[in-house]
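A quick write-up on the structure given underneath.
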Amino acid sequence: MSADHPPGLDLDRLRDHLDRARPGLLGRGPLTARLIEGGRSNLTYTVTDGTARWVVRRPPLGHVLATAHDMRREHRVLSALHPTAVPVPRPVLLCEDESVLGAPFYVMEFVAGTPYRTAEQLLPLGPERTRAVVLGLVDVLVDLHAVDPREVGLGDFGRPEGFLDRQLRRWGKQLAASRGRELPGIDELHAALGRTLPASPAPAVVHGDFRLDNVLIDSSGGTDSSDGTDSSDGTDSSGGTDRIAAVLDWEMSTLGDPLTDLGLLAMYSVRLEVPDSPVSTTAGAPGHPDPAELVERYAARSGRDVSAVSWYTAFAWFKLAVILEGIHYRYTLGQTVGAGFDRIGELVPLFIEHGLTTLQEG
């Protein structure tokens, strides 16, 4: 922790606001804060008064599109889901007064846990615990999609009618805005997805970026969330339990087609045989279940028809190809600097190929 004010977080103004809005929340100790690394959009800080800890979320500095960094939306979905079986941090306060920090923000409880973003980070868990953690991720997704949006006050959280068509058109526009070179196959993939658009199941709360590195894993030996139907219960050698303590990063959540979450999770579970890939996944960790096992578990536990999952997985490949091409395009313009950005462009054809193959093989 540093007593200095990190960028975007004026601790004096924050304390003054919290003392007025939530009297007694803070202790007498001075506030210190740390910017959490790893976030790609909204800024996330841990804040402590020396006794307790909280997390503050706000839009990035100089943000332009308010809808892409909607603090009210994130706070709302956390408030709705916290009483359910879906593990999310308890929201503490929403502040839409931009005079406090220069942008809307919200405060939530601090949840202890580890985010696993790469296969290498999973190695200390070993194959059995890794498998249990990833299968547990599927179980949480089933719990999320089982939530009745109307019962938790999210009946108007999105527009599920025409959801897939709008998504496909949106990412097509994103592709057009990032055109800087020829990308063989990407127009073919986009068109094929449009021709084979599946009928969506009943709408659900969709996370929008559901994968292992957007959750916190607690290995301190807390209560196991498994229902006992699988032998991989996450128990470690000391008798403790690996459990998903919190699902984070709800900025892309909405009401929509739940199988888009499943397709994305399946895509991220495919091993990319690219040495030193600048796009990290956990799929190469020993014990990591393959996409077919994850889909089968989801189907068995949710009761949903997943026969069209190849379309959703192919769409995930297309969406990530567009995102990576956008990063590459900004890199060629000198707008993005840093390690690994010079290699992003070479991955785009691989993602296109995976998308086409997935859709063709069905």
Do Arg179 and Asp187 sit within salt-bridge range, that is, some charged N less than 4.0 Å from a carboxylate O?
yes
Pairing residues for Asp305 by the side chain to side chain donor-acceptor pair (under 3.5 Å) criterion, not counting sequence neighbours:
Ser307
Charged N to carboxylate O below 4.0 Å: is that the case for Glu346 and Arg343?
yes
Between the side chains of Arg57 and Asp249, is the shortest nitrogen-to-carboxylate-oxygen separation below 4.0 Å, so that they form an ion pair?
yes
Looking at Arg13, I'd like to know if its CZ atom is crowded, meaning that more than 12 non-hydrogen atoms belonging to other residues, nucleotides or ligands lie closer than 6.0 Å.
no
Got a second to check how far Ile327's CD1 is from Leu347's CG, nearest 0.5 Å?
10.0 Å
Keeping Trp250 on the side-chain end and Leu78 on the backbone end, is there a donor-acceptor pair under 3.5 Å?
no
So that I know where these two stand, are Phe351 and Trp317 an aromatic pair - ring centroids less than 6.0 Å apart?
yes
So for atom CZ, which belongs to Arg20, do other residues, nucleotides or ligands contribute more than 12 heavy atoms lying within a distance under 6.0 Å?
yes
Taking Ser219's backbone N and O only, do any of them form a donor-acceptor pair with Arg243's side chain (distance below 3.5 Å, no angle check)?
no
Does Asp213 use its side chain to pair, donor to acceptor, with the backbone of Thr281 at less than 3.5 Å?
no
Give a yes or no on whether a salt bridge exists between Lys319 and Asp209, defined as a side-chain N under 4.0 angstrom from a carboxylate O.
no
Determine whether Val77 and Leu154 satisfy the following criterion, side chain to side chain contact (heavy atoms under 4.5 Å, CB included), listing intermediate values before the conclusion.
CA-CA 8 Å; Val77 73; Leu154 295 176; 4.1 Å; yes
Does the side chain to side chain contact (heavy atoms under 4.5 Å, CB included) test come out yes or no for Thr44 and Leu248, once each step is laid out?
CA-CA 11 Å; Thr44 308; Leu248 308 175; over 6 Å; no
Salt bridge or not for Asp290 and Arg271, using N-O below 4.0 Å?
no
Verify, without hydrogens or angle tests, whether Ser178 (side chain) and Leu175 (backbone) share a donor-acceptor contact under 3.5 angstrom.
no
Relative to each other, are the rings of Phe318 and His190 parallel, tilted or perpendicular (30° and 60° limits)?
parallel
Between atom CZ of Phe315 and atom OG1 of Thr196, what is the distance when rounded to the nearest 0.5 Å?
11.5 Å
Would you sort out whether Asp257 and Tyr312 count as a side-chain hydrogen bond (donor to acceptor under 3.5 Å, both in side chains), showing the intermediate values?
CA-CA 10 Å; Asp257 189 324; Tyr312 294 91; 2.6 Å; yes
Same apolar cluster: Tyr329 and Phe341, side chain cutoff 4.5 Å:
no
Could you give the distance from CZ (Arg28) to OG1 (Thr51), rounded to the nearest 0.5 Å?
11.5 Å
Shortest non-hydrogen contact from Leu255 toward Gly155
CD1-O, 3.6 Å
Pro258 and Arg304 have their tightest heavy-atom pair at CG-NE, 3.6 Å
Flag, side chain of Arg117 to backbone of Thr282, donor-acceptor distance under 3.5 Å
no
Flag the pair Arg72 and Asp70 as a salt bridge only when some basic side-chain nitrogen lies within less than 4.0 angstrom of an acidic carboxylate oxygen.
no
Does the side chain to side chain contact (heavy atoms under 4.5 Å, CB included) test come out yes or no for Leu137 and Phe210, once each step is laid out?
CA-CA 9 Å; Leu137 189 64; Phe210 195 82; 3.5 Å; yes
Between CG of Leu43 and CG of Leu9, what distance do you get to the nearest 0.5 Å?
9.5 Å
Which is it for Asp156 and Arg76 under the salt bridge (Lys or Arg N to Asp or Glu O under 4.0 Å) test, yes or no, and what are the steps along the way?
CA-CA 12 Å; Asp156 61 346; Arg76 181 184 176 188; 2.4 Å; yes
Checking Asn42 against Glu74: is there a side-chain donor and acceptor pair closer than 3.5 Å?
yes
Could you check whether Tyr298 and Asp139, counting side-chain N and O atoms only, form a donor-acceptor pair closer than 3.5 Å?
no
Tell me whether His207 contacts the main-chain N or O of Val247 through its side chain, where contact means a donor paired with an acceptor under 3.5 Å.
no
Where Phe105 and Leu94 come nearest, the two heavy atoms and their spacing
O-CD1, 3.6 Å
Are Val206 and Val295 grouped together when hydrophobic residues (ILVMFWY) are joined by side-chain heavy atoms under 4.5 angstrom apart?
no
Any luck finding a side-chain donor-acceptor pair between Ser302 and His145 under 3.5 Å?
no
Arg58 side-chain N/O to Leu101 backbone N/O, donor-acceptor pair under 3.5 Å
yes
Determine whether Leu216 and Met108 fall in the same hydrophobic cluster, where Ile, Leu, Val, Met, Phe, Trp and Tyr are linked whenever their side-chain heavy atoms lie under 4.5 Å apart.
no
Rounded distance [0.5 Å steps], CG in Leu262 versus CE in Met267:
12.5 Å
Please tabulate, one pair per line, all N/O donor-acceptor pairs under 3.5 Å involving side-chain atoms of residues 352-362, not counting sequence neighbours.
residue, atom, partner, partner atom, Å
Thr357, OG1, Glu353, O, 2.9
Thr358, OG1, His354, O, 2.7

Could you please spell out the steps behind the side chain to side chain contact (heavy atoms under 4.5 Å, CB included) verdict for Tyr45 and Ile36?
CA-CA 5 Å; Tyr45 313 81; Ile36 298 176; 5.8 Å; no
Using a strict threshold of under 4.0 Å (side-chain N to carboxylate O), is an ion pair present between Arg53 and Glu109?
no
Test item: side-chain donor near acceptor, Arg73 and Thr254, under 3.5 Å:
yes
Output for pair (Leu18 CG, Leu31 CG), nearest 0.5 Å, gives 7.5 Å
I'd like to know if the side chain of Thr48 and the backbone of Gly50 have a donor-acceptor N/O pair within less than 3.5 Å.
yes
